[in-house]
Amino acid sequence: MPTAITRPTGEELLRCELTHVAREPIDVARAMEQHAAYLDVLRKLGVDVIELERLPGHPDAVFVEDTALVLDEGAVILRPGAASRRGETASVAAELAKHRELFHLSEPATMDGGDLVAIGDVVLVGQTSRTNHAGLKALAHALLPLGMRVKAAGVRGCLHLKSACTAIDAETLVVHRPWVDLRRVEGARLIDVPAEEPAGANVLSVGDTVLVAAHTPRTAELLDGLGYRVRTVDVSEFAKAEGALTCKSLLFR
Ligand code: GLY
């Protein structure tokens with residue numbers, strides 16, 4: 001059974017970090033409803049959902065994905081690029097230690113999980129304001145014994161690599177190409193999201209179902225037409241906090 005580590009949010013979300021989007025009012029009650037519905041979808045898809053304690057002093061803590069990289073062979077506890085987010089990792093590490101051997105990134109490395117896309121035996125590492133070269137080198141070192149390699153991917157115009165590109169399966173990436181340079185990625189099949197829906201590039205595969213943001217209906221249609229089993233999930237309040245579907249869980253087997 002897949003497991004998802006998640007974390008609730010509340011009023012703290014109003015003070016979230018923003019990098020590429022303008023601040024606009026977030027309806028916290030609606031965000032909490034959307035979060036509950038997201039967890040409900042995961043549970044209905046057979047996921048064992050773990051809810052960590054809320055962290056009211058950490059506005060972005062609901063975006064647990066940024067704190068760790070979880071692979072079959074182990075997990076890497078990251079060092080988020082925004083100083084305001086570094087206090088989020090300890091509680092994630094305590095939970096993950098029950099499931100995986102842990103490796104830790106340390107200063108001067110910075111890296112957000114949103115910048116990491118695992119596909120086959122490669123982890124693509126987004127080059128963004130959150131993830132530095134020391135982070136890339138430290139991750140490469142941590143993954144070597146696990147038989148995995150890293151490859152840098154240039155990112156522009158968005159917060160994270162996963163804003164621009166996510167893996168739908170072990171060979172396929174869903175991508176908004178204007179935001180990411182995938183020239184160094186070999187062998188992957190690329191599915192381009194409709195140009196008017198860049199946010200469609202953040203999809204979350206759960207078993208044989210692909211979760212797509214409800215505010216990207218054309219992407220949902222596209223993937224449905226390609227034969228994927230698609231389910232839409234409303235994360236519109238989290239999009240205002242520069243978050244997306246993948247950010248809200250650490251999903252692993
Ligand atoms: N608001 C999400 C982040 O900046 O990490």
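All ligand and atom numbering here is 1-based and tracks the order in the structure.
- The proximity of Thr19 to ligand 1, defined as any non-hydrogen pair under 4.0 Å, does not occur for either the backbone or the side chain.
- Looking at ligand 1, you'll find an N or O of Asp60 within less than 3.5 Å of one of its N or O atoms.
- Closest heavy-atom approach to atom 1 (N) of ligand 1 among the candidates Pro59, Ala241, Cys16, Ala82: Ala241.
- Relative to the ring axis of Phe238, Lys248 places its NZ or CZ within 45° and under 6.0 Å from the centre.
- Residue His160 has no N or O atom closer than 3.5 Å to an N or O atom of ligand 1.
- Remark: side-chain polar atoms of Thr232 are not paired, donor with acceptor, to backbone N or O of Ala213 under 3.5 angstrom.
- For the pair Asn132 (side chain) and Pro108 (backbone), a donor-acceptor distance under 3.5 Å is present.
- Arg54 places a side-chain heavy atom less than 4.5 Å from the side chain of Glu12.
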task: Go through the steps for Leu161 and Leu116 under the test side chain to side chain contact (heavy atoms under 4.5 Å, CB included), then give the verdict.
output: CA-CA 7 Å; Leu161 175 61; Leu116 305 176; over 6 Å; no

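- Listed by atom number, the atoms of ligand 1 under 4.0 Å from Leu159 heavy atoms are 3 (C), 4 (O).
- Nearest to atom 4 (O) of ligand 1 by heavy atom, out of Arg130, Arg15, Arg85, is Arg130.
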